[in-house]
Structures are given as C-alpha cells and as structure tokens.
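See structure below.
Values below: all heavy atoms of this structure, side chains included; hydrogens, waters and symmetry mates excluded. Keep in mind that this is a model prediction, so the values were computed, not measured. Residue numbers run from 1 in the order of the sequence given.
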Amino acid sequence: MKRTSKSISGAGWVRMARRLGLAALLGASSSVLAAGTLNNISFSAGAGGSVEITLDLSEPVTELPVFTTEDPPRIIIDLPDTRNGVAQRRIPVGIGATSSIATAEAAGRTRVSVDLFRSSSYETRTEGNRVILVVGGTSTAAAPVTAYNPDPAKRTPNVTEVANIDFRRTPQGTGRVILSLTGEGVASEMRVDGQRVRIDLAGVFLPENMAERLDVIDFATPVQSIELSRSSNGTRLELSINGRFEPLAYQTGNEFVIEVDPVQAVVVAADGTAVEVAEGAYVGRPVTFNFQDIPVRTVLQLIAEESGLNVVAADSVTGNVTLRLINVPWDQALDLVLRARSLDQRRDRNVIWIAPQAEIASYEKAVADARLEMEQRAELVSEYITINYGSAEDISKLLTDDSKGNQQGGQQGQQQLDGRGFLSPRGSVTFDRRTNTLLLNDLPHKIEEIKTLIALLDRPVDQVLIEARIVIANESFARELGSRFGVSGANQSSSGRVITTSGSQTATNAMIGRAIENRLAGRNGIGGIGQDLTGLPGSRLGVNLPVQSPAGSLGFAILGADYLLDLELSALQQEGRGEVVSSPRVITANQREANIKQGDEIGYKTITTSGGAATEQVQFKEVVLELLVTPTITQDGRVYLVLSVKKDQVNGFIDGVPQIAKREISTAVLVDDGQTVVIGGVYEFTSIEDLRKVPFLGDVPVLGNLFKNTRRESSKAELLIFVTPRVLAVAGRNAR
C-alpha cells in the first residue's frame, strides 16, 4: 500500500487551474492505449467534515501523480494508461471542504479532479485496485518510511541515514547544501523563519559524528552557517541566512539539495514600478511541486502546461525524480529537473526539445558534419569587390593570413578546420593593386559574409584637427640703491704737526708727500694739497658702493677750509614683462600619427685631435617648435590623444656652443570634441635681496644709507601648454 500526505494551504502552492486545458495536457502525455479502466467513484462522509473518496480500477496503478491548485482550490489525480468507465462526468458532494468530483479522459489517460470550497489537507493511499483519497481528514499518516529510533541498538537496520554533507557556491552566488543519504524518497518539511531556514527530514538517522555546525561565510553566499542535528523524529538542518534570499529544496536520487538564491535590492523601473531582481533571475511564474518518485515525463508535462510552451521529449527521456519545490519559477524548476537527470533542452520559438545531453550533442554534431559535407560539395562562385577607401592588399591579408594567425594564437595553434581566416577551406582571395579590387572565389554564403565585413571596414575615416598653444610668460622687477662717499682733508697744528685723512692710502700718501716738500722748501706744510686731491677723485672715496648700471645718480661736494666732502647717490628700478605664444596645428586621420616641426639648426665648431693634429668639425643642434600626435576617436565622440609638444629656445653661447632652453611634454589625454584643456604647465618664481654695507656705520639710522648698497630682484616665469582637438567628420562615412 502506498500512502502520501500533502497540504495545499498557503499562497505558495502551484497555480495551474487557469490553464488546465485537459484535452491538450492529456493528449500530450502518452501515445499508448489505456491498459486499465476506472470503473466507479464513490464517497462517504467522515468525522469533522472529512470525505473519503474511493476510485475503483480494473487493475492496480503503477504510478499515481497527484498535484493541487490554489485558484480555484482543487486536488487532481492523473491515472495514466486508464480509460474512464464512469458514466457520470460530475459527481456533487457538498460535504466539508469538498464541492464535487469531475472526471475526463483523453488519449488513454483519465484525470480525476476534486473541486474544493477552500484549501484543505488531504492524503492518498492505494489498496489493491482501489485508490483512496481522504480530504480534510484528521489522519496524520505520513509517507511510508522506515521506523526511526535514536537508539542504534533498537533502530531498524534498513533505516535511511545521512552519509555526507557538502556545501558549494554556484557562479551566480547561490549557496547549495547537498545531503547524501543512504536511501531515496524521504519525507521533508521546510520552514522559513526570518533569516533562518529549517528543514526536517522525517525518519532519517543522523550519525553522532555528523552532528555539527559549519561556518560557510567565506563562500560569499547568503548562507552564513549550517547546523545539522537530531530531532525527535529524524534529522533537522538549520541554515542561517544573511540578506534577502529565496530558498528551494528538492531531492534527486539519494541526494537532498537545498539552494538559497541571493535577491538584490528593489529596483525602480522607469514607470515608477518596483521590481525585485535576483542574480541569474528566472522569469517564469512561480510553481510548487511536492512529488515523491514521480516520472520525469510527467513533471515535464506539468511544466509545459504551466509555461504555455510546447514540449517535445525524446523517447530516451526516462526515470523518476523526487521534487519539493516551493514558489519556484517554472523555468528554474525545468532547469533543476534537467540537471537532476542529465538532460538538456533546445528551444525553437515556443517549442522546447528535451533529450539527454549526449543525444543532443550527437544530433548537433551530426548536423554540423552534414553542413560541412554540403559545403565541400557546393558550387563556388566568384565576386569582384572594389575597395574605395582602404587597400585591397591589406584587406586580403586580413581575410586570410592575419585573421588565421589571430585565431591560432587565441587557441594555442588549434587547427581551424583547415580554413583560412574568413574564407571556407575551398575559398580563395587575391587582389589587383592597380584597380584596388578584391577577387573572391568561395561559397555563396561566405561571399555574403565577406561583403558584409568589407562594408563595415571600407569606410572613409574621420579626421582630427589638433591645435596646440604654448604660452611662455615672463615678469621681472629689480630695484637697487647705492652711494659713494668720502672725506679728505689736512690740518697743521701750531707745533707744525700735519694730520691728513682720505678714502685711500694713495690720497693720504699724496697729501703727506706735498706736506714734506712744503716743509723742506720753507712753505706752509699743507699748501697745494688740494691740487693733489683733485687729480685723485676715486682715491678720495671711503665708501664705494654704487649701482653698477644706474638709471640715475646725484653727486655732492663740500669744500671747507681744510677738508673736502664727496657724496654720490645712484639708483636703479627695472620692470619687464614678456609673453611668447606658439600655436602649431595639424590635421590627421583617425589613429594615424602626425608630426609638424618648425625651427632652426644652430651650427657650432668642435675641435678633435688625432695623431697630434687638430681638426675642426661643424655640428648642429636643432632649436625647433614641434607637435607629434596620434588621435583616436572613441565611440562616444571624444578624442584620445597621445602627443608630444616641444618648444626650444637659444639662451646663449658658451665657448661658441649654443645653450638650448628646452620646454617639452609627452602625455596621453582623453578630451571632448572641441574642448580646450591645459595638458601641462610650469611656474617659476625667483626672489633675491642683496645688501652690501660698511659694518656699524651702515646700521646707523638714516645716515647709515650712505654706507650701504641695497638690491632687490624678483622674477616670475610661467609655461602653459593647451591642446584642442576637433573631429572633422567625413560625409558619407557610413555609406557604401
């Protein structure tokens, strides 16, 4: 006897009643004639409003697919290979939650649909040739499992055990927990409580050494930890989750799998609606499946009904699968079923072909081999294509040698089906340099592909005008104050002592020499000394701190009875401003280097000695203004520039060799079309203050200015380099 127990309460159950299309569903299920007959349907009322419905068959059923719908609430039993022998197509019930019973037959399959007033629990079991469905009963009978006992000594030897637990992360960031069991078809229940997911496996024994807690936070999935423990009736698995998630559980063979998909934040669409997007999101309508050991073909039939697509399953699609999927998109459910049975799908509009992976691969290989064989037998055609803007020789190389080399480089020398670039193995291409024409001989479809490629490549190239401006600005300021000062004189005391003073020893020697001559001649000792000082103007100065190249000067002289005072004040103030603007510009095609240069070659002599003989040679240095640039026009209309700008200037000569002041920048920059940007600049500032003075005397307030020279100088130099690209679009560049 088989018995299953299910509940259809809650918003997560499958929604299939809107698309029950019985004739289409049943007609696609089987092409064999029915082997049994549904002879009679009866029902009886039970306690608490329960109803026991009995289906009398001519022979026992081999499989019993049962599923439910929520809107409207129904319990549906499919009887494969069974004819409908019940004359009354609709049987009213009206007891408890049960409204009526309806039957329908198509293509050897009979469907029994129990209409409900409201969602209700139910259980099914088989007794020989009878199928019994209890709706709304209080029975707690569960699916048949081997008795579980925590005590190993009292446990039945054939009890299902947990053999292994594994955790994996999918490329989409899904956390997948895989429990390996020693048996199949276990009863399970999954509950979500906030950020925790709890799965109870009834009748499954957990060995003591496997009761553990696993930390899986490093896998970067929503699952943070896994705790495997014993429960009162089996094994309990608890998952701790972080963030928004969507769980699902299913069983295939002896593996019970729980997947936790991450859900991204709510995205607001352009119309203001909020859409919840998950990584690798599926778009199908959510369904709920809870089947134990159901044929794969039946599951595919239910998915086809829900999706509205036509499903063609190969005859080699066999086997059963156990599913427990709650609120899972139908396309994701389909992927899970295919993955569990090593199947694959190919879609052609609204038709899906499902077959084993090896069978689909073999079919596609056979199709590819047939296509290649047809190409080997197809007739070649010739085509002559005139190249307008490019080079026929370059395009010919692109179609053959260059592209083949790139393919082999990307695949480590793998043979490209004996093909040559874009040509078929039998194709050939040559060119006529005089008329710039390609000569093609290949299959018709290859010719069309190459013509499409040439239409894309043979286009006029946009050009770019690049203008650079080099601005050199100089500003200088200088101020200098100086003085020349001296006191000269001679005095003779009553005793005949002569005292002289002057700005140098030369002047005092002259005055002393004159005094000695006067004394020897019997004259006044200091007579004629003034005449001697007149011939020594520079020697009279005690302070000599003038401005070297004064803009102006002012001199004073005071002659007393026995002294002479000399004073000269000089000053200079100098200001200068200069600006040099150089603006080279050049036009070039997209991705083509351009260079413009202007300037001089400065010659100079060098002397080399060889064998004792000196030889003069003339060498040259370039002093140029140069712009070297390679532009690339981006897809969004901007210009990427790789450029070098140089501005040289002669600063003087040392031993006949010119000294060059160089200003140069090399850079790469992305600029909007027509935008001017500063790609580089240098700013220099110089400040100099000099002071020369006579110690102590130069520090005397006011009068100290007569004993010192002050000089202050400042200069500023600024170099700015601007660049402006302008795209000169070529008319008709997209035409051919």
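Remark: D335 CG to I303 CD1 distance equals 9.0 Å, nearest 0.5 Å. In this structure, CG in D394 is found 10.5 Å from CD1 in I387, a value given to the nearest 0.5 Å. Summarising the geometry, atom CD belonging to Q301 is positioned 9.5 Å from atom CZ belonging to R297; distances are rounded to the nearest 0.5 Å. The structure places CZ of R341 at 14.0 Å from CG of L336, a figure rounded to the nearest 0.5 Å. Atom-to-atom distance recorded for K446:NZ and N441:CG is 14.0 Å, nearest 0.5 angstrom. Atoms CG and CD, on N242 and Q224 in that order, are 4.5 Å from each other to the nearest 0.5 Å.
D215 and S225 form no side-chain donor-acceptor contact under 3.5 Å, judged by distance and modelled atom types alone. Looking at T437 and D432, their side chains never bring a donor and an acceptor atom within 3.5 Å of each other.
Listed by first then second residue, pairs satisfying ring-ring contact (aromatic ring centres under 6.0 Å, His included) with a partner in residues 325-361 read W353-Y363, not counting sequence neighbours. The ring-ring contact (aromatic ring centres under 6.0 Å, His included) pairs that include a residue from residues 616-641 number zero, where partners must be two or more places apart or lie in different chains. Applying the salt bridge (charged side-chain N to carboxylate O under 4.0 Å, His left out) test to every pair with at least one member in residues 353-367, sequence neighbours left out, gives these pairs: R346-E364, K365-D369. Identified under the salt bridge (charged side-chain N to carboxylate O under 4.0 Å, His left out) test for residues 583-594, with sequence neighbours left out: E467-R585. Every pair passing side-chain hydrogen bond (donor to acceptor under 3.5 Å, both in side chains) that includes a residue from residues 670-684 is listed here, sequence neighbours excluded: T676-T724.
With sequence neighbours excluded, the residues that form a side-chain contact (heavy atoms from CB on, under 4.5 Å) with K621 are Y604, V657, P658, I660. Residues meeting the salt bridge (Lys or Arg N to Asp or Glu O under 4.0 Å) test with R433, sequence neighbours left out: E393. Residues that satisfy the salt bridge (Lys or Arg N to Asp or Glu O under 4.0 Å) test with E255, not counting sequence neighbours, are absent from this structure. Annotation: ring pair (Phe, Tyr, Trp, His ring centres under 6.0 Å) contacts of F167 (sequence neighbours excluded): F219. Qualifying salt bridge (Lys or Arg N to Asp or Glu O under 4.0 Å) partners for E383, counting only residues two or more places apart in sequence or in other chains: K451. With sequence neighbours left out, E601 forms a salt bridge (Lys or Arg N to Asp or Glu O under 4.0 Å) with no residue at all. Not counting sequence neighbours, T632 has no partner by the side-chain hydrogen bond (donor to acceptor under 3.5 Å, both in side chains) test.
Counting only distance, with no hydrogens or angles, the side chain of N590 and the backbone of V727 share no donor-acceptor pair below 3.5 Å. Put simply, the side chain of N254 never gets that close to the backbone of S180: no donor and acceptor are under 3.5 Å apart. With hydrogens and angles disregarded, no donor-acceptor distance shorter than 3.5 Å links the side chain of S362 to the backbone of A358. Under the 3.5 Å distance criterion, the side-chain polar atoms of D458 are matched with a main-chain donor or acceptor of N388. A distance-only check finds a donor-acceptor pair linking the side chain of N436 to the backbone of A392 [under 3.5 Å]. A donor-acceptor pair under 3.5 Å links the side-chain atoms of T400 to the main chain of S396, judged by distance alone.
In this structure, the side chains of L423 and I450 come closer than 4.5 Å at one or more pairs of heavy atoms. Two residues are said to be in side-chain contact when any heavy atoms from C-beta on lie closer than 4.5 Å; I241 and V223 meet this criterion. Proximity of V586 to V629: side-chain heavy atoms (C-beta onward) are separated by under 4.5 Å at one or more points. Residues L670 and V639 are not in side-chain contact: their nearest non-hydrogen atoms beyond the backbone lie 4.5 Å or more apart. Contact annotation: the side chain of T221 never approaches that of T174 to less than 4.5 Å [non-hydrogen atoms, C-beta and beyond]. V312 places none of its side-chain heavy atoms less than 4.5 Å from the side chain of I354. Put simply, the side chain of L627 does not reach to within 4.5 Å of the side chain of V723, judged on heavy atoms. Considering only heavy atoms from C-beta on, V464 stays 4.5 Å or farther from L728 through its side chain.
Around atom CZ of R168, no more than 12 heavy atoms belonging to other residues, nucleotides or ligands sit under 6.0 Å away.
When all heavy atoms of P584 and I596 are compared, the pair lying nearest together is CB-CG2, 4.2 Å. The two residues P295 and N320 come nearest to each other via the heavy atoms CA-OD1, 3.3 Å. The two residues S316 and P356 make their nearest non-hydrogen contact at OG-CD, 3.1 Å. When every heavy atom of L456 is checked against every heavy atom of R459, the shortest pair comes out as O-NE, 3.0 Å. The shortest heavy-atom contact between Q591 and T630 is C-CG2, 4.2 Å. Closest approach of Q376 to R426, counting heavy atoms only: O-NH1, 2.9 Å.
When each of N350, D331, V351 is tested with L309 by the rule side chain to side chain contact (heavy atoms under 4.5 Å, CB included), just one qualifies, namely N350.
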Practice item. Kindly determine whether E664 and K646 satisfy salt bridge (charged side-chain N to carboxylate O under 4.0 Å, His left out), including the steps that lead there. Key: CA-CA 4 Å; E664 184 175 357; K646 182 166 65 172; 5.2 Å; no
TODO: Please assess T667 against L643 for the test side chain to side chain contact (heavy atoms under 4.5 Å, CB included), listing each intermediate value before the final yes or no.
DONE: CA-CA 6 Å; T667 186; L643 76 166; 3.7 Å; yes
task = Given side chain to side chain contact (heavy atoms under 4.5 Å, CB included), test N310 with I352 step by step and report yes or no.
result = CA-CA 6 Å; N310 299 313; I352 299 178; over 6 Å; no
Start with the C-alpha distance between L438 and I454, add both sets of side-chain angles, then the distance that settles side chain to side chain contact (heavy atoms under 4.5 Å, CB included), and finish with yes or no.
CA-CA 10 Å; L438 278 181; I454 293 176; 3.4 Å; yes
* Could you please spell out the steps behind the side chain to side chain contact (heavy atoms under 4.5 Å, CB included) verdict for V257 and L179? => CA-CA 6 Å; V257 182; L179 282 181; over 6 Å; no
